[in-house]
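Some notes on the structure that comes next.
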Amino acid sequence: MSEALPLDQRPVTSLRGVGPAVAETLGRLGLRTVQDVLFHLPLRYEDRTRVVPIGTLRPGDRAVVEGEIQLVEVVFRRRRALLCRVADGSGFLTLRFFHFSAAQQETLVRGTRLRCFGEARMGPGGLEIVHPEYRKIGPGAAADGTLTPVYPTTEGVQQGRLRQLTSLALAELDPDALRDWLTPEVLGTAGLPSLDAALRYVHRPPNDADIAALDEGRHPAQRRLAFEELLAHHLSLRLLRLAADRDDAWPLPRGSDLVERCLSRLPFQLTRAQRRAWDEIAADLERPHPMMRLVQGDVGSGKTVVAALAALRAVEHGAQTAVMAPTELLAEQHARNFLGWLEPLGVRVGLLTGRLTGRARAAARVDLASGAIQVAVGTHALFQEDVEFARLGLVIVDEQHRFGVHQRMRLREKGREGARYPHQLVMTATPIPRTLAMTAYADLDVSVIDELPPGRTPVRTVVLPETRRDEVVARIEGACRAGRQAYWVCPLIDESEIVRHQAAEETAAALAAALPGVRIGLVHGRMPARRKDDVMNAFKAGTLDLLVATTVIEVGVDVPNASLMIVENAERMGLAQLHQLRGRVGRGSVESTCVLLYAPPLTPIARERLAVLRDTNDGFLVARRDLELRGAGELLGTRQTGLMQLRVADIVRDADLLPRVQRAAELMLAGSRENIAPLLRRWIGEGERFGKV
Ligand code: ADP
Ligand code: MG
């Protein structure tokens with residue numbers, strides 16, 4: 001009966017040997033259907049096709065050996081262990097098991113032939129393999145005919161089990177049971193194999209397969225799957241956009257002179273690039289469909305003021321704006337900026353972050369719901385369930401790479417009124433190359449602010465070993481004596497927030513001892529909010545000279561008088577992150593310096609990465625080099641956000657596929673639209689799908 005169902009509807013329990021308990025553990029790997037099992041692809045491969053004589057084995061070798069059991073014993077030294085000695089005539093080897101069942105012990109009897117795989121190491125009694133993979137074999141058993149896949153796994157699921165399951169699933173694979181949603185036309189003439197052939201190949205590559213190409217994910221079989229995955233993601237964003245283009249929004253044409261009044265009060269003129277971005281935004285806002293626009297602009301290019309103009313346009317029509325920032329620090333700073341620009345014009349700005357509680361929060365909620373707050377600045381606290389807006393006309397998301405598409409979608413839903421949706425403006429300081437942007441942000445139009453405000457002196461970046469710390473400390477003293485301010489950013493040496501803030505505290509104490517004349521403040525993520533505010537405000541007001549901080553100050557913080565930035569352990573940070581940090585200085589007219597301290601010795605790659613920052617201030621260039629040196633996940637922030645959680649594809653490695661992905665998407669939207677929904681289900685899943693099909 002179940003045989004007739006397509007593989008995406010056959011539960012894993014339809015495979016032999018999978019009961020409810022196994023199904024539950026498989027569920028933790030996201031494997032619920034037979035199709036899921038087929039799309040659970042190997043991480044790497046091992047060549048176990050050659051059986052190695054035990055006598056030639058060296059410690060550290062990962063190899064297959066065969067031999068006959070000579071001796072089995074359970075020993076109690078420090079830990080109980082089952083030892084099993086096997087010999088093949090060329091030498092002998094001990095298999096050591098710390099965990100073993102009685103059943104296992106019973107099968108390991110003298111005289112049995114085993115084929116084992118594992119890493120040889122030197123043990124107390126000669127070479128041994130701890131917890132080898134093994135199976136009983138008969139005499140003259142053939143060697144493996146295919147490379148051995150190694151699958152991503154989880155507690156309680158053995159590699160052997162995954163191999164067995166994929167074998168069973170492959171046996172059920174045929175083009176009727178697993179439809180290829182890419183028509184020959186869509187797939188094009190690129191020489192990519194059929195889905196069926198690709199899956200068979202990646203799960204069981206023949207023993208003469210190019211293992212290096214496979215390990216790098218460059219084999220045509222893998223590229224075929226990567227292509228399909230990228231296409232699915234691209235299509236989901238395209239659909240999202242097509243749906244949005246059918247949605248209604250309040251048109252926001254020029255309603256009064258608020259924008260002009262704001263512009264005339266600014267202490268500066270917009271740059272040409274800011275003006276262009278604003279014109280594009282203003283044109284979008286006039287339309288009766290929601291704007292979906294990304295503003296890309298390097299750190300310090302002045303995105304915030306452009307966003308403020310958009311907010312004013314909403315105010316001109318009695319619509320509210322929500323401005324969402326990724327950190328409380330940044331939200332507070334935006335709130336201050338917006339207050340400075342908008343309140344003189346009679347516009348009410350409110351702040352709503354996670355730290356706002358009790359009565360203050362209740363009051364803010366009331367004012368949002370009544371529309372008294374016209375521009376609400378905050379963190380993701382803005383789209384919590386109990387927060388309601390009177391009429392949300394515009395959603396602005398700053399540092400969008402910190403959020404996922406899903407969060408943006410939720411804010412959008414928040415502002416929904418019948419068929420009306422708010423306009424969306426998202427901003428990022430992480431510039432990415434065009435083809436990449438067209439895929440990762442396929443739902444957005446893009447404006448680029450490719451010009452810094454005039455009068456900025458480029459930041460000078462120096463790369464120094466930690467051994468020259470004293471010189472750096474002396475430099476801080478000089479800068480502070482000259483009336484300027486400095487940041488000292490502490491290393492991200494550990495994932496744990498506790499270790500990080502301890503490091504910051506110790507650094508602050510050491511610097512205080514070394515620099516008695518310098519007023520030092522400390523901020524880190526674990527500090528009480530009030531303290532953090534006080535310190536930040538004191539630094540902004542210039543009553544502190546040196547701010548020691550964790551990377552909490554990474555995004556957005558704007559103190560123009562700060563002209564020196566020191567980053568410790570720079571070799572461990574991403575280029576995009578360092579560029580962001582560096583963007584905290586160079587905001588005034590004095591020449592600023594960024595010192596990247598590293599702990600020697602540097603790896604060649606790390607050296608090259610730091611050199612990129614030393615040699616350029618151009619965020620686009622940094623991003624491009626970052627891509628080449630490291631991969632896109634970090635750059636796009638996908639690791640934090642799940643913006644594009646790719647299973648097979650790697651947006652950098654497979655970048656050459658992207659133009660074809662875009663063409664294929666057009667073809668599917670035009671000619672095989674009915675194939676899109678199942679394709680998205682296959683790759684993106686129900687829960688995560690954001691585009692309507
Ligand atoms: P980012 O694009 O990194 O978010 P901000 O919006 O924080 O940059 O702007 C950086 C600084 O430049 C702020 O102090 C802002 O007031 C100032 N600024 C913005 N536009 C201009 C301009 N056209 N001329 C001079 N200064 C500007
Ligand atoms: Mg900013």
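Each ligand, and each atom within it, is numbered from 1 in the order the structure gives.
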Of Arg275, Lys303, Arg587, the one whose closest heavy atom lies nearest atom 7 (O) of ligand 1 is Arg587
Supply the atom-to-atom distance Arg587 CZ to Asn561 CG, rounded to the nearest 0.5 angstrom.
13.5 Å
The side chain to side chain contact (heavy atoms under 4.5 Å, CB included) partners of Val473 (sequence neighbours excluded) come to Trp488, Leu511, Ala514, Leu515
Just which atoms of ligand 1 are under 4.0 Å from any heavy atom in Val299?
3 (O)
Contact with ligand 1 for Ser301, non-hydrogen, under 4.0 angstrom
yes
Under 4.0 Å from a heavy atom of Leu270: give me the atoms of ligand 1 that qualify, with their elements.
23 (N)
The single option from Arg293, Arg276, Arg313, His423 that satisfies side-chain contact (heavy atoms from CB on, under 4.5 Å) with Ile281 is Arg293
Side chains of Glu568 and Cys490: does their closest heavy-atom pair fall under 4.5 Å?
yes
Which part of Gln269 is near ligand 1, with near meaning a heavy atom under 4.0 Å away: side chain, backbone, both or neither?
backbone
Is any side-chain heavy atom of Phe383 less than 4.5 Å from a side-chain heavy atom of Val395?
no
Enumerate the atoms of ligand 1 whose separation from the nearest heavy atom of Thr271 is less than 4.0 angstrom.
23 (N)
Taking only non-hydrogen atoms of Thr304 and a 4.0 Å limit, the atoms of ligand 1 in range are 4 (O), 5 (P), 6 (O), 7 (O)
Side-chain heavy-atom pair Met573, Leu596 within 4.5 angstrom cut-off:
no
Answer yes or no: does an N/O atom from Pro454 fall short of 3.5 Å to an N/O atom of ligand 1?
no
Please determine whether any non-hydrogen atom of Gly300 lies less than 4.0 Å from an atom of ligand 1.
yes
Less than 6.0 angstrom from the centroid, inside 45 degrees of the normal: does Arg265 satisfy that with respect to the ring of Trp341?
no
Sub-4.0 Å heavy-atom approach of Asp298 to ligand 1:
yes
